[in-house]
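Take a look at the structure below.
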Amino acid sequence: MRKNYAALIFIFLLTLCVGWSQDYKFQHITTVDGLSHNEVRKIVKDNQGFLWFGTQNGLNRFDGYRFNVFKNIPNDSSSIIGDKIYSLAVSPDKLWVGTITGLSIINTVTLDVIPTPNIFNHIGENGVLQLFYDGSNIVWASTENENFIIDSNSLEVEQILKGYRIATIAKGFDNSYWIGTDKGLLQYNYFTKTILKSYELGAFNAYGLDEIFTNSYGEVWITLSHGIYRYQSERDRFIEVFNGPKIMNAIAENDAGDIFFGTYGNGLHIYSRVSGLFEPLLANPENHLSISSNDVYDIFVDDENIIWVGTQEGLDYYDFSRHRFNSLVHLPENSNSLRSSFVQTIFQDKDDLFWIGTREGIDLVDFGSSASNPKITHLDMGSKGFDSLNSDYVTCIHRDSKERMWIATMSNGLYLIDEKRNIFRHFLQDKSVETSIASSSVRAIMEDHLGRIWFGTGGGLSLLNQQNDDDYFFENFGYSKLNTNSMPLNDIYSVFEDSKQRIWIGTNKGGLSLLEEKGGSKSFLRFNHVPSDPKTISNDEVFVIYEDVNNRVWFGTSAAGLNLLKEDGRSDINNGYYFQSFTEKDGLSDNEINSILEDDEGDLWIATNTGFSEFNAKNETFTNYTTYDGVLKGKFRKNAKWKTKDGTLFFGGAAGVNYFNPNNFELNKNVPNPVFLDLLIDGKVIEAGKSFDNSVVLSQPLSSGSVVKLPIKDNRFEIKFTSLSFASPYRNTYAFKLEGVDRDWQFLKGKDPSASYTQLKAGTYRFYLKASNNDGVWNEKPIFMDIVVSANLMDRNITKIGIGILFFLTLVLGVLVFGKYKGHTIARSSNTKNKRSVRVIDPDVNNENIEKVKELNLLMETEKVYLDSELGLSQLAEKIDVSTNHLSMLLNDYIGKNFYDYINHFRVEEVKSRLKNPHYQKQTLSSIGGDCGFNSKSAFNRIFKNLTGKTPSEFQNMT
């Protein structure tokens, strides 16, 4: 009866908690990714930080990117004793490997298999089904019939608990041991070698993967057959807290205190510390983020809180850092999903319902109490008389200050829904009516501070005029060739009013315009891209306009990145407005900007075609997120965005909706542990102590402080490394530098990180390596190795000295011979003048050149052409009407500088001048450098320091 009752509870919880369990989304690793076999039996982590996976066909060491596979090689004692792995344990610098054919020990530093004849004499080729390291130099090992304790240092073996078959062991807080045997559960004192108590829970089966687990709360948990038991210390007994339909096995705990239980046949079950409930996680063939198989063998939670699960069909892992972005998508077989994945607009009403405008109508999304499993309703507008809206391409939804709902479409005009007044109107362009809306393609809706409603359309800008509830008409503004104060183009995608009550209009290919109202007239100030002027807007396709909490106005373009509005009150050009741009060169993920929102910390989240760019405007740095991090594939749509009161950001795109709250991002604070993996020469891994080309390159295994000795002819080498941080490892960043070769740190990220060098001169070099985790936490002290490149015969000092002496003697002998020869010939040539070729400089030409140099210097001082970052030799030559060769001669012979040194001198002087000018105090250093003609931050810093001896920031601090 009790089991039937437990089964009913289980079924109830399974139904109740489907939404909760979807919070765990698993990535998968299989043989396709390099794993030696898909049946993963055991998972451990060694004291260096490498993960080890025991499978039914070999042992795998994992560094976050690559697998190093260990298998048995017949008649080779240096290989592991068997390929079918049933148990693993880790002690300092050792991995204990229990196979179906015996026990092997691997040195985790050298990766050598340690010879263990004494252990083999005791265990032989019997299967080692259980291994446990107790933290005090003792390893427990059990075969089907015998049990041993092994000193992890001396490898001495002692038989223990004869007559018992040990299936599982755990160590309690009081240093007693909990041991599951075929005769039941034992509480055991190792020091006195006595059984303190037996508990009649039933027989433990070593082949059944029964397990005992003691957690951080001092609790003892046991999986035995179909049940889960927990120890009641106050009553010294175990009670069954869960009974499932399948056999229970592995146990692990995460940072929150939640406990994971594996089953053979029924997936994972999670005990929630908060709710006190057991929740199921089951394999679902239709969900690629579910666990791979319901047959679970082992669970391991690492120090980054990543959950690793060994299953019948591969290795699964839940990495919190790769699932910060939730999504709403269209699922053809699921009515509780979006009607279309193509989302163009998002709006949240006063009842907290989200209106999702798609290419096929509108959906209502109610999150209620489930952030991960909302209720989705396909809105039927037929009841409002708008049947066509059920299939329209909806571009914008807006509720105005009178609580009227406006719905814009791409080709079917504008809809008005006024529930209070029972008014439902549909507005289409009528070319015969001047006061109809400018176009039936409506892309933007904006209500200004006066309550006026503006519509951006494909035919210009429309302003709603309304005399009464029945009389609606529009005042339209469009492009006119005859009026330079008209709109620059009619194809409008964004209309925005900023905090200064300025109305900006962004167009497709027409640039940006600013509405200017004087008296009753309206005109438009135009802003267009000028290639030769970096202060103009970077592109004429302006689709996105956004203002942050600091009242900075940003403009997103379709092909040239992000623009920040700047104002210079002293300039008469464009009323003193200019722009600072940020593109892919500055770290932006993609130059097409589709939407912008600001989070509660003041960072901008920019939706592009490749994902999200998080922009820290203060530091001018970008952090990019892609599908690797859980971002939906496919480009985001223009201005499809929303921010809720709690800081959740929504972005719509061609694949659905991504939503996330940056305030809830669980940051990875784990400091990475960079390690060297391999040294390669010509693609061949160099083994420690082994000869390569008749010399030993590496005498000890690679580690920090290693010395690598390279012969001069084999100084082409590659160093592979990793950080041993497994949270989003492709987002880890590495910084490396070879002293004497690299002037600055070199940075890289992605899979298979490595560094390569060639053609080093004889000498000693030090290679430094640092690493950051996925959230930018760096290890403080770099690791290093020394590279010694041996000199060949011609490089040796004694050889160089000998050659020098020989050269000197040859020179002296030559002088003596030449003097004797000259004495014989001087008399014959005493009456003959020695004629030399003298370069004659035409005074007129010389004067012309001097005048050209004056003209050139005057041009630089007055027109400041050096501010153009694209300025080249030919452009400058054209300005003073000379050829490029003539200009090069003037620069080299009359000024004494090449073109780039000459131009950069003026740029540096301009930067110095601006840094001393209070007017530029609010401008960033990189912005000043860009304005003064430097086309990259690195070039700016390098050239400025070369010419002044100080970095720009050091110079600024001195002024």
| task | Please confirm whether Y659 and F651 have ring centers closer than 6.0 angstrom. | result | no

| field | Residue pair A655 / V329: nearest heavy atoms and the distance that separates them | value | O-CG1, 3.4 Å

| Between G361 and R339, which heavy-atom pair has the shortest distance, and what is it? | CA-NH1, 4.0 Å

| task | Would you check if the side chain of N336 reaches a backbone N or O of I376 as a donor-acceptor pair within less than 3.5 Å? | result | yes

| request: Tell me whether the centres of the aromatic rings in F660 and F612 are closer together than 6.0 Å. | output: yes

| message | Using only atom types and a distance under 3.5 Å, with no angle test, would you say the side chain of H28 pairs donor to acceptor with the backbone of D316? | response | no

| Distance-minimising heavy-atom pair for S388 and N412 | OG-ND2, 3.4 Å

| Proximity of F347 and W642 rings by center, below 6.0 Å | yes

| said: Quick one about N609 and E592 (side-chain donor to acceptor, distance below 3.5 Å, no hydrogens or angles considered), yes or no? | reply: yes

| Mind checking whether Y318 and H323 have parallel, tilted or perpendicular rings, split at 30° and 60°? | parallel

| query | So, does S462 use its side chain to make a donor-acceptor pair with the main chain of A438 at under 3.5 Å? | reply | yes

| query | D380 and N390: side-chain donor and acceptor closer than 3.5 Å? | reply | yes

| field | F615 and its ring-ring contact (aromatic ring centres under 6.0 Å, His included) partner, picked from W605, W554, Y546 | value | W554

| field | F579/F527 aromatic ring centres below 6.0 Å | value | yes

| Is a side-chain donor or acceptor of S440 paired with a backbone partner of G413 at a separation under 3.5 angstrom? | no

| said: Pairing donors with acceptors under 3.5 angstrom, does anything connect the side chains of E304 and N668? | reply: yes

| request: Report the C-alpha distance between E541 and S558 in whole Å, list the side-chain angles of each, state the deciding distance to 0.1 Å, and finish with yes or no for side-chain hydrogen bond (donor to acceptor under 3.5 Å, both in side chains). | output: CA-CA 5 Å; E541 297 176 2; S558 182; 3.0 Å; yes

| query | Does the side chain of Q348 pick up a donor-acceptor pair with the side chain of T644 at under 3.5 Å? | reply | no

| field | S581 side chain to N563 side chain, donor-acceptor N/O pair below 3.5 angstrom | value | no

| field | Heavy-atom side-chain proximity of I503 to V495 below 4.5 angstrom | value | yes

| Does one side chain, of E620 or S926, offer a donor that lies under 3.5 Å from an acceptor on the other? | yes

| field | Minimum side-chain heavy-atom gap S292-F26 below 4.5 Å | value | no

| task | Check whether the side chains of R637 and S595 place a donor and an acceptor atom closer than 3.5 Å, and report yes or no. | result | no

| request: Determine whether K937 and D586 make a side-chain contact, defined as any pair of heavy atoms from C-beta on separated by less than 4.5 Å. | output: yes

| field | Between H529 and D540, a side-chain donor and acceptor under 3.5 Å | value | no

| query | F320 and E666: which non-hydrogen atoms are nearest, and at how many Å? | reply | CE1-O, 3.0 Å

| said: Using the salt bridge (charged side-chain N to carboxylate O under 4.0 Å, His left out) definition, which of the options K25, R731, R322 pairs with D629? | reply: R731

| field | Given Y577, F496, F524, the one that forms ring-ring contact (aromatic ring centres under 6.0 Å, His included) with W504 | value | Y577

| query | Does the ring center of F650 lie less than 6.0 Å from the ring center of F354? | reply | yes

| field | N773 CG to L667 CG distance, which is reported to the nearest 0.5 Å | value | 9.0 Å

| query | Are S613 and S589 linked by a side-chain donor-acceptor pair shorter than 3.5 Å? | reply | yes

| Does V530 offer a backbone N or O that forms a donor-acceptor pair with the side chain of T536 under 3.5 Å? | yes

| Rounded to the nearest 0.5 Å, how far apart are OG1 of T457 and CZ of R443? | 7.0 Å

| request: Determine, using ring centers only, whether Y734 and F747 are less than 6.0 Å apart. | output: no

